[in-house]
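Order of the sequence lines fixes the chain letters, A, B, ..., with proteins taken first and strands second; residue numbering starts at 1 for each chain.
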Amino acid sequence: MAKQYWLMKTEPTVFSIDDLMEVKSEPWEGIRNYQVRNMLRDDLKKGDLALCYHSNSKPSGVAGVMEVVKEGYPDYFAWDKKSKYFDIKSDPENPRWFMVDVKFKEKFSRIVSLTELKEENKLSEMKVVQRGCRLSIMKIKKVEFDHIIKLSKKSVK
DNA sequence: GCCAACGTTGGC
DNA sequence: GCCAACGTTGGC
């Protein structure tokens, strides 16, 4: 199957591209949204590439690239009473939440900010630039992915 | 820290 | 199954 491309949001105060660089790979835990859950469970495939997007940040924007190294499996943090992601309604027999593992690929030499993304006509269809989008993982097109990589290499004006 | 937008919950 | 209340997200 052809490689797919994603954009995954994270709050850098919780987990950033730098943290990922240090640990090399990491379970992408704590997703508690059904639409995103379905993508994690069914759509993200090993070898897919994902942009790491820093939200609630200064500035918010794309910080680097990650690769999916383990496909959807149950989010066991939901069964851990001590975890902030504990969910009493998730039953180990019939898990409600899923996650994938991602691996560090690349940290951009600069953040490609949301403002910048919005200025690009080619990226106007991407959900992340549309207002009120609260999906923390979204599928993007190869051309969009490539375009953002290109932007990241461009020096800032 | 504010607040708009959106998702989820729960009473009916 | 509707919808108001509430919680969360995330840009600013």
Checklist entry - Does A:S60 have a side-chain nitrogen or oxygen under 4.0 Å from the phosphate oxygens OP1 or OP2 of C:dG11? => result yes

Using a distance-only test with no angle check, is there a side-chain donor-acceptor pair under 3.5 angstrom linking A:Q4 and A:K139? yes

Report task. Could you check whether A:K89 gets within reach of a base, just the sugar-phosphate, or nothing at all, counting any heavy atom under 4.0 Å? Result -> sugar-phosphate

Residues pairing under ring pair (Phe, Tyr, Trp, His ring centres under 6.0 Å) where one sits in residues 121-153 of chain A, two or more places apart or in two chains, turn out to be A:Y5-A:F145

The single option from A:L117, A:L135, A:V128 that satisfies side chain to side chain contact (heavy atoms under 4.5 Å, CB included) with A:L7 is A:V128

Members sharing A:Y73's hydrophobic cluster, built from side-chain contacts under 4.5 Å between Ile, Leu, Val, Met, Phe, Trp and Tyr, are A:Y76, A:F77, A:W79, A:Y85, A:M99

Taking the basic N atoms (NZ, or NE/NH1/NH2) and the acidic carboxylate oxygens, is any pair closer than 4.0 Å for A:K153 and A:E106?
yes

Separation of C:dG10 atom P from A:Q130 atom CD, nearest Å, is 15 Å

In 5'-to-3' order, the base (B), backbone-only (S) or no-contact (-) status of each nucleotide in nucleotides 2-9 of chain C, using a 4.0 angstrom heavy-atom cut-off, is -----BBS

